[in-house]
Amino acid sequence: MFPSSDKTKNVATPRICDVVWHDGEFIKWDDARVHVMSHVLHYGSSVFEGIRCYKTKRGPAIFRLREHMQRFLNSAKVYRMEHDWKIDDFCDASVELVRRSELDQCYIRPILFRSLDEERPAFGVNPFPNPLACYIGAWDWGKYLGDEAIEKGVDVCVSSWTRLTPNSLPAMAKSGANYMNSQLIKMEALVNGFAEGIALDDRGYVSEGSGENIFVVSGGIVNTPPLSSSVLPGITRDSVIQICNELGLTVKERSIQRAALYVADELFFSGTAAEITPIRSVDRINIGNGKRGEITEKIQKMFFEITSGERPAPGEWLTYVREAAKVGNNGFKAESKVGTSSAAVEPATKLHAAGIK
Ligand SMILES: Cc1ncc(COP(=O)(O)O)c(C=O)c1O
């Protein structure tokens with residue numbers, strides 16, 4: 001179910017699901033459009049998610065769907081976006097979207113935003129008069145930081161841009177507006193010949209990449225900045241922490257100085273798009289021996305074994321699309337809900353999602 005060949009010429013990625021879930025029904029990709037005067041275009045009023053669906057022997061499996069949708073709901077709550085959607089609605093819709101896409105692996109993008117009421121248009125900053133619109137699209141997305149990055153690692157810089165402060169734009173909500181900051185970080189890195197930039201928080205401690213969390217391995221200990229360093233409570237970050245527990249590795253959430261990056265034994269990014277990507281240099285200073293480190297490789301290996309369904313996860317991390325309960329006649333409203341059970345949400349994840357750690 002891919003777009004017709006003439007369209008595939010016009011998009012960067014050729015494998016896009018040609019239907020999009022919109023406010024409870026499936027519409028054609030071509031019909032998923034907004035008015036240029038929509039509030040979101042002018043004032044950045046959106047929240048969104050990024051979720052990977054992996055190819056496994058049992059068919060496509062969505063990674064930590066429920067946890068992503070919980071974060072989606074949390075982001076909406078922070079921005080006072082009041083709606084009637086329940087977590088199961090979004091989980092069911094995603095499963096059905098992947099099923100309809102016929103893709104064996106993909107990236108799922110839910111987005112909730114303030115649009116425009118064309119009968120009674122409102123143009124001010126006040127978002128309340130603008131109706132909410134919700135869409136979920138999907139496409140096949142390869143390796144975010146390049147095909148070689150996963151094995152060889154990437155060269156990055158410390159950004160001159162500071163990450164958002166907790167009381168300006170909260171990093172724990174995944175809002176579209178936050179990504180203007182990410183774009184400054186990313187563009188600066190790219191024009192200077194780096195694959196990615198690492199931002200510091202407003203106190204000067206390491207925060208995260210433009211679209212990834214960061215881990216610093218020193219003396220066998222796996223460190224990562226706390227959520228108070230303006231980091232997104234990453235689902236992959238949480239997965240790495242749990243994988244480290246499985247591997248018997250000590251993980252510490254603590255403030256990290258910029259210089260600690262340069263002298264680390266190993267560094268790596270975590271994120272849905274970037275998965276686990278080693279960092280081989282920062283500001284042209286080699287990290288360790290300038291190659292993927294041993295501990296990074298171990299964590300990466302376990303991560304990919306879990307996402308491919310070859311190794312059991314520490315929780316119910318995979319939602320197998322073909323095995324999930326069939327949905328009702330209207331395309332997605334399930335009588336019996338699909339997705340992982342709420343018991344699958346680890347206490348740690350709940351704390352992370354709540355911004356406590
Ligand atoms: C700014 C930022 N930090 C961290 C992450 C990693 O989060 P996750 O692992 O949930 O994808 C992302 C990706 O969504 C991101 O955009």
Side-chain angles (χ1 to χ4, degrees), residues 44 46-54 62-75 78 94 106-111 141 143-145 150 154 156 159 161-166 168-189 196-201 206-216 224-244 253 256 267-277 279 299-300 303-304 306-307 313 315 317 345-346 348-355 357:
S46 69
V47 296
F48 69 99
E49 268 305 316
I51 309 167
R52 269 199 197 260
C53 176
Y54 285 93
I62 307 176
F63 187 66
R64 306 200 69 177
L65 174 59
R66 206 169 180 88
E67 290 88 333
H68 277 284
M69 290 310 186
Q70 185 57 56
R71 190 172 66 186
F72 189 43
L73 291 172
N74 291 353
S75 301
V78 170
S94 306
C106 60
Y107 179 91
I108 303 165
R109 167 58 57 82
I111 182 162
W141 219 3
K143 298 295 175 210
Y144 183 66
L145 294 172
I150 294 282
V154 285
V156 308
S159 184
W161 295 102
T162 297
R163 200 81 185 124
L164 315 155
T165 60
S168 58
L169 284 169
M172 64 169 288
K174 194 169 168 67
S175 73
N178 287 3
Y179 287 81
M180 289 302 273
N181 176 254
S182 291
Q183 288 174 54
L184 291 171
I185 296 162
K186 185 78 184 184
M187 289 188 293
E188 182 187 52
E196 185 55 286
I198 298 167
L200 307 179
D201 68 17
V206 174
S207 177
E208 60 181 347
S210 74
E212 310 85 9
N213 294 117
I214 189 167
F215 284 84
V216 179
T224 196
L227 296 191
S228 53
S229 277
S230 283
V231 306
L232 181 78
I235 309 294
T236 321
R237 175 184 183 275
D238 179 69
S239 306
V240 168
I241 292 171
Q242 292 194 50
I243 285 172
C244 286
E253 292 182 86
I256 296 168
L267 295 180
F268 63 90
F269 282 132
S270 72
T272 296
E275 299 170 303
I276 313 281
T277 299
I279 298 170
I299 296 168
Q300 217 184 28
F303 177 80
F304 286 123
I306 290 171
T307 56
W317 286 4
V345 181
E346 304 291 331
T349 310
K350 284 186 180 154
L351 285 177
H352 278 224
K357 272 200 171 172

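Each ligand, and each atom within it, is numbered from 1 in the order the structure gives.
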By number and element, which atoms of ligand 1 are closer than 4.0 Å to a non-hydrogen atom of Ile235?
8 (P), 9 (O), 10 (O)
Could you pull out the closest heavy-atom pair between Ala173 and Asn178, with the gap in Å?
O-ND2, 2.9 Å
Got Arg237 and Leu227 here, is their nearest side-chain heavy-atom distance under 4.5 Å?
yes
Of all protein heavy atoms, the one nearest atom 13 (C) of ligand 1 is Gly211 O, 3.4 Å
Can Thr236 and Ser239 be counted as having a side-chain donor-acceptor contact under 3.5 angstrom?
no
Grab the two heavy atoms, one from Thr272 and one from His68, that are nearest each other, plus how far apart they are.
OG1-CE1, 3.4 Å
So which protein heavy atom does atom 16 (O) of ligand 1 come closest to, and at what separation?
Tyr179 OH, 2.4 Å
Regarding ligand 1, does Glu208 bring an N or O atom to under 3.5 Å of one of the ligand's N or O atoms?
yes
Ligand-residue contact atoms, ligand 1 with Gly271, heavy atoms, under 4.0 Å
6 (C), 9 (O), 11 (O)
Hey, are Glu275 and Arg52 close enough for a salt bridge, meaning a charged N less than 4.0 Å from a carboxylate O?
yes
Under-4.0 Å salt bridge between Lys174 and Glu49:
no
Contact between ligand 1 and Ser210 is defined here as a heavy atom of the residue under 4.0 Å from a ligand atom; is it met?
yes
Does Pro233 reach ligand 1 with a nitrogen or oxygen that is under 3.5 Å from one of the ligand's nitrogen or oxygen atoms?
no
Under 4.0 Å, heavy-atom basis, I'd like to know which part of Ala171 is in contact with ligand 1: side chain, backbone, both or neither.
neither
Once you measure the plane-to-plane angle for Phe303 and Phe63, does it fall in the parallel (<30°), tilted (30-60°) or perpendicular (>60°) bin?
perpendicular
Heavy-atom pairs closer than 4.0 Å: do any link ligand 1 to the side chain of Arg163, the backbone, both, or neither?
side chain
Could you tell me the residue and atom name of the protein heavy atom closest to atom 9 (O) of ligand 1, and the distance to it rounded to 0.1 Å?
Thr236 OG1, 2.6 Å
Tightest non-hydrogen contact, residues Ser270 and Ile276, listed as CB-CD1, 4.5 Å
N or O contact, Lys174 vs ligand 1, cut-off under 3.5 Å
yes
Please check if any side-chain donor atom of Asp201 sits under 3.5 Å from a side-chain acceptor atom of Ser229, or the reverse.
yes
Using non-hydrogen atoms of the residue, decide whether Glu49 is closer than 4.0 angstrom to ligand 1.
no
At a non-hydrogen distance cut-off of under 4.0 Å, which region of Glu212 contacts ligand 1 (side chain, backbone, both, or neither)?
backbone
When only distance counts, is Thr272 in polar contact with ligand 1, meaning an N/O pair under 3.5 Å?
yes
Proximity of Tyr54 and Phe304 rings by center, below 6.0 Å:
no
May I ask you to identify the nearest protein heavy atom to atom 7 (O) of ligand 1, giving residue, atom name and distance to one decimal place in Å?
Gly234 CA, 3.5 Å
